[in-house]
Asker: 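Pasting a structure here, questions to come.
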Amino acid sequence: MTNESASSAIAEINPEQLPVPEHKLHGWTHFAGLYAGEHVAATEFVIGATFVALGATTMDILIGLLIGNVLAILSWTLITTPIAVQTRLSLYTYLHKIAGDSMSDLYNWANVLIFTVISAAMITVSSTAVRLLFGIPAQLQWYPTNSLFVLVVVGVGMIVVLVAMYGFNAVAEFSGICGPWLVVMFVCGAFALFPALADSVLGRTQLTSFADFITIGDQSIWTGLNSEGKPGIGLWEVIGFAWAANTITHFGLIDMALLRYAKRSIYGLCTSAGMLFGHYIAWIASGIMGAGTAVLLQRTIIELDPGDVAYQALGLSGYVIVIIAGWTTANANLYRAGLAAQAIFHKHSRMQVTFTVGVVTVVIACFPFVYKQILPLLTYAGLIVVPVGGIVFAEHVLFPRLGLTRYWAKYRGLTHSTPAVAAWAAGLVFGFGLNYLQVISFFYLFLPTWAVTIVLYTFLASLYGARDSYPAEEAAERDRNETIKEFQTQQALAEGTPGHDTSTLHKILRGVAWLSLGLTLTLGIVVMFGSSDMAAYESNVAIFYTWGFVFTIVYFVSAYWALKHTKSLQQART
């Protein structure tokens with residue numbers, strides 16, 4: 001085949017199934033915004049309340065969440081990002097290269113189901129805020145009991161579908177705008193309700209020391225007793241919970257779909273924007289907000305939904321935060337679901353497939369039971385996906401070091417990889433078997449499951465052909481990769497390089513956006529530390545509710561126009 005005909009053949013392949021070209025890589029700020037937006041999410045309201053209900057202590061939360069989230073950051077940085085950067089492929093495409101059609105189809109169907117349900121849960125959570133605006137009663141059954149609620153879900157969901165349809169850039173840009181605001185609002189929500197908690201525990205609205213914070217936490221938030229009044233979870237469970245919460249994306253390698261766009265492997269550390277500002281701060285803040293709302297409304301925390309908590313903490317901005325937090329997570333997960341589905345229906349474009357998956361997602365979102373079961377769903381989803389991550393890790397990282405041939409199944413022309421399917425099945429049996437026997441803590445099941453799958457797959461692959469050499473096939477693979485690089489180089493020259501927006505208007509708009517966030521945070525600090533008594537607190541929190549909402553509008557308008565101005569400038573240059 002000539003170079004010209006080879007390039008023509010490459011041009012006919014869907015771009016999602018090719019390595020990401022050099023000119024489409026992104027800098028670290030893209031990933032910081034993306035992870036902040038995705039992981040400062042509507043689920044944080046649910047998870048924050050869960051730690052309270054499970055009976056963790058204050059010090060367990062402060063220390064355990066820090067350790068667990070740092071371990072998650074390291075998992076992304078040391079396991080997921082290097083494979084993503086070296087291959088520039090999504091897991092779905094790379095798995096097909098390793099294990100063939102049958103394994104890939106099974107796995108992709110599993111991921112379509114998992115991410116569709118997760119996205120649906122986020123849409124439902126967003127809709128709990130919108131329902132308050134229309135006076136729709138809380139949906140306490142597993143099915144919708146109000147037709148207007150269904151219309152709300154459809155309206156909220158279709159926005160998510162449209163954003164996800166336009167791919168990584170749209171998702172990253174949307175999250176990049178929302179991420180900083182979400183972090184500020186979670187912090188301010190905790191600030192806004194903490195004086196009320198302090199008054200209920202200490203008899204005064206102000207703290208005089210860190211010991212006061214611990215006292216309030218131990219007596220009113222993280223009491224060490226679960227919802228049944230029994231001793232709750234301990235430090236190791238909190239660490240494991242924080243680490244295992246995202247196993248599906250780091251040990252399970254799902255985030256290769258996002259991190260394949262990273263310029264360097266070190267960009268895996270950008271996940272700290274989601275883990276430290278999102279899971280660490282947001283989980284603590286949402287626990288404080290939930291406990292404060294329970295005190296003010298004289299209800300238990302398990303009786304509250306995210307809309308109730310957010311409105312009590314942030315006023316009108318609370319409606320916005322639940323909607324936005326649900327959108328940003330649903331967008332990224334629906335994008336992943338679309339990639340998985342497109343890998344199955346590869347003759348159709350990702351946008352077409354994502355739209356179809358999105359419609360199904362919106363239908364599922366109409367059933368409220370989905371978001372209430374999100375925590376077991378995430379944990380079990382991790383157990384399903386982690387063995388596949390172990391198979392890919394073994395082939396990509398360990399095989400070259402052990403003298404085994406990477407991509408051996410492809411070189412042998414296999415469409416069915418018995419070692420991959422068998423190792424995945426065995427990993428599932430092992431992981432869920434450990435769960436049934438309760439040998440180790442539920443939150444750490446992913447570690448032995450991952451390790452056992454790696455060992456088993458390596459052993460089986462060595463028996464089925466990985467020990468053999470395939471010089472002709474390896475040479476053809478190298479030639480194909482060079483042809484792809486040449487084709488993408490020509491693409492880059494034709495498309496041009498988008499420049500950075502350094503205009504005065506862009507700087508002014510960005511400045512206004514950041515100033516509005518700074519003023520919002522200042523108002524929250526005033527409520528937290530400037531309320532000398534309940535009368536002053538009520539006055540300060542009323543000002544915060546009003547002006548916090550005004551600054552929210554200012555932030556989104558200015559951030560949106562700054563982004564639009566940049567996009568217009570880039571289009572003019574190309």
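We use all heavy atoms of the structure for the numbers below, so side chains are in, but hydrogens, waters and symmetry mates are not.
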Asker: Which one of Y555, Y560, W561 satisfies the side-chain contact (heavy atoms from CB on, under 4.5 Å) criterion with V557?
Answerer: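 Of Y555, Y560, W561, side-chain contact (heavy atoms from CB on, under 4.5 Å) with V557 is met by W561 alone.
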Asker: Is it true that a side-chain atom of Y537 and a backbone atom of A192 form a donor plus acceptor pair closer than 3.5 Å?
Answerer: yes
Asker: Within a strict 4.5 Å, meaning less than it, do heavy atoms of the S286 and V309 side chains meet?
Answerer: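 They are not in contact (no side-chain heavy atoms under 4.5 Å apart), so the answer is no.
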Asker: If we only count heavy atoms from C-beta on, is the W547 to L519 side-chain gap below 4.5 Å?
Answerer: no
Asker: Would you indicate whether the side-chain heavy atoms of V153 and F367 approach each other to under 4.5 Å?
Answerer: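 Of all side-chain heavy-atom pairs linking V153 with F367, none is under 4.5 Å.
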Asker: Between Q342 and T354, is there a donor-acceptor pair closer than 3.5 Å when you use the side chain of the first and the backbone of the second?
Answerer: no
Asker: Output, in order, the C-alpha distance, side-chain angles, deciding distance and verdict of side-chain contact (heavy atoms from CB on, under 4.5 Å) for I221 and F194.
Answerer: CA-CA 11 Å; I221 309 173; F194 206 84; 4.3 Å; yes
Asker: Of the non-hydrogen atoms in P180 and L517, which two are nearest, and what is the gap between them?
Answerer: CB-CD1, 3.8 Å
Asker: Starting from the C-alpha separation in whole Å, work towards a yes-or-no answer on side-chain contact (heavy atoms from CB on, under 4.5 Å) for L276 and L66.
Answerer: CA-CA 7 Å; L276 299 183; L66 180 61; 4.2 Å; yes
Asker: Could you verify whether a donor N or O on one side chain and an acceptor N or O on the other, from N540 and Y545, lie under 3.5 Å apart?
Answerer: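 Absent: no donor and acceptor within the cut-off.
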Asker: Mind checking the CG-CZ spacing from L25 to R264? Nearest 0.5 Å is all I need.
Answerer: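 The CG atom of L25 sits 10.0 Å away from the CZ atom of R264.
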Asker: Rounded to the nearest 0.5 Å, how far apart are OG1 of T77 and CG of L259?
Answerer: 8.5 Å
Asker: Is it true that a side-chain atom of R260 and a backbone atom of A257 form a donor plus acceptor pair closer than 3.5 Å?
Answerer: yes
Asker: Look at the side chain of T249 and the backbone N and O of N246, then say whether any donor-acceptor pair between them is shorter than 3.5 Å.
Answerer: yes
Asker: Is it the case that the side chains of T116 and S119 hold a donor-acceptor pair, with the cut-off being a distance below 3.5 Å and no angle test?
Answerer: no
Asker: Do F556 and W181 have ring centroids that are under 6.0 Å from one another?
Answerer: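 When the ring centroids of W181 and F556 are compared, they turn out to be within the sub-6.0 Å range.
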Asker: Within a strict 4.5 Å, meaning less than it, do heavy atoms of the L269 and I266 side chains meet?
Answerer: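 Yes, their side chains come closer than 4.5 Å.
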Asker: Which pair of heavy atoms, one from A513 and one from A559, lies closest together, and at what distance?
Answerer: CB-N, 4.2 Å
Asker: Could you tell me if the side chain of F544 sits less than 4.5 Å from the side chain of L314, heavy atoms only?
Answerer: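 In short, these two side chains touch, coming nearer than 4.5 Å.
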Asker: Tell me if the centroids of the rings in F241 and F51 come within less than 6.0 Å of each other.
Answerer: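 Ring-ring flag for F241/F51: true, centres closer than 6.0 Å.
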Asker: Can you tell me how the ring of F210 sits relative to the ring of F213, calling it parallel under 30°, perpendicular over 60° and tilted otherwise?
Answerer: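 Parallel: the ring planes of F210 and F213 meet at under 30°.
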Asker: How many angstroms lie between CE in M256 and CZ in R88, if you round to the nearest 0.5 Å?
Answerer: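 Atom-to-atom, M256:CE and R88:CZ are 10.5 Å apart.
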Asker: List the steps and the verdict of side-chain contact (heavy atoms from CB on, under 4.5 Å) for L65 and I284.
Answerer: CA-CA 9 Å; L65 288 185; I284 292 172; 4.1 Å; yes
Asker: Can you give me the closest heavy-atom contact between A32 and C270, atom names plus distance?
Answerer: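 So the two residues come closest at N-CB, 3.9 Å.
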Asker: Please check if the side chain of S531 supplies one atom and the backbone of D533 the other of a donor-acceptor pair under 3.5 Å.
Answerer: no
Asker: Between L62 and Y280, what is the shortest heavy-atom contact and its length?
Answerer: O-OH, 2.8 Å
Asker: Dump the intermediate steps for side-chain contact (heavy atoms from CB on, under 4.5 Å) on I216 and L207, then the final yes or no.
Answerer: CA-CA 10 Å; I216 294 169; L207 305 184; 3.4 Å; yes
Asker: Donor-acceptor pair, distance only, cut-off 3.5 Å: does the side chain of S539 make one with the backbone of A535?
Answerer: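 Checked: no pair found.
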Asker: Is the closest side-chain heavy-atom distance between F149 and V154 below 4.5 Å?
Answerer: no
Asker: Assign the ring pair H26 / H30 to parallel, tilted or perpendicular, where the plane angle (0 to 90°) is split at 30° and 60°.
Answerer: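 If you compare the ring of H26 with that of H30, the planes turn out tilted.
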Asker: To the nearest 0.5 angstrom, please state how far the CD1 atom of I321 sits from the OH atom of Y311.
Answerer: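 Result: 15.5 Å between the selected atoms.
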Asker: Main chain of S317, side chain of T552: is a donor-acceptor contact present, judged purely on distance under 3.5 Å?
Answerer: no
Asker: With rounding to the nearest 0.5 angstrom, report the CG to OG distance, N108 to S90.
Answerer: 8.0 Å
Asker: Does any N or O in the side chain of T124 come within less than 3.5 Å of the main-chain N or O of A365, such that one atom is a donor and the other an acceptor?
Answerer: yes
Asker: Are T247 and V385 packed together at the side-chain level, in the sense that at least one heavy-atom pair is separated by less than 4.5 angstrom?
Answerer: no
Asker: Do F31 and Y261 come close enough that some side-chain heavy atom pair is under 4.5 Å?
Answerer: yes
Asker: Can you see which heavy atom on M275 is nearest to which on A72, and at what distance?
Answerer: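 So the two residues come closest at SD-CB, 4.1 Å.
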Asker: In Å, rounded to the nearest 0.5 Å, how long is the span from CG of D255 to OG of S75?
Answerer: 12.0 Å
Asker: Between P195 and V527, which heavy-atom pair has the shortest distance, and what is it?
Answerer: CG-O, 3.5 Å
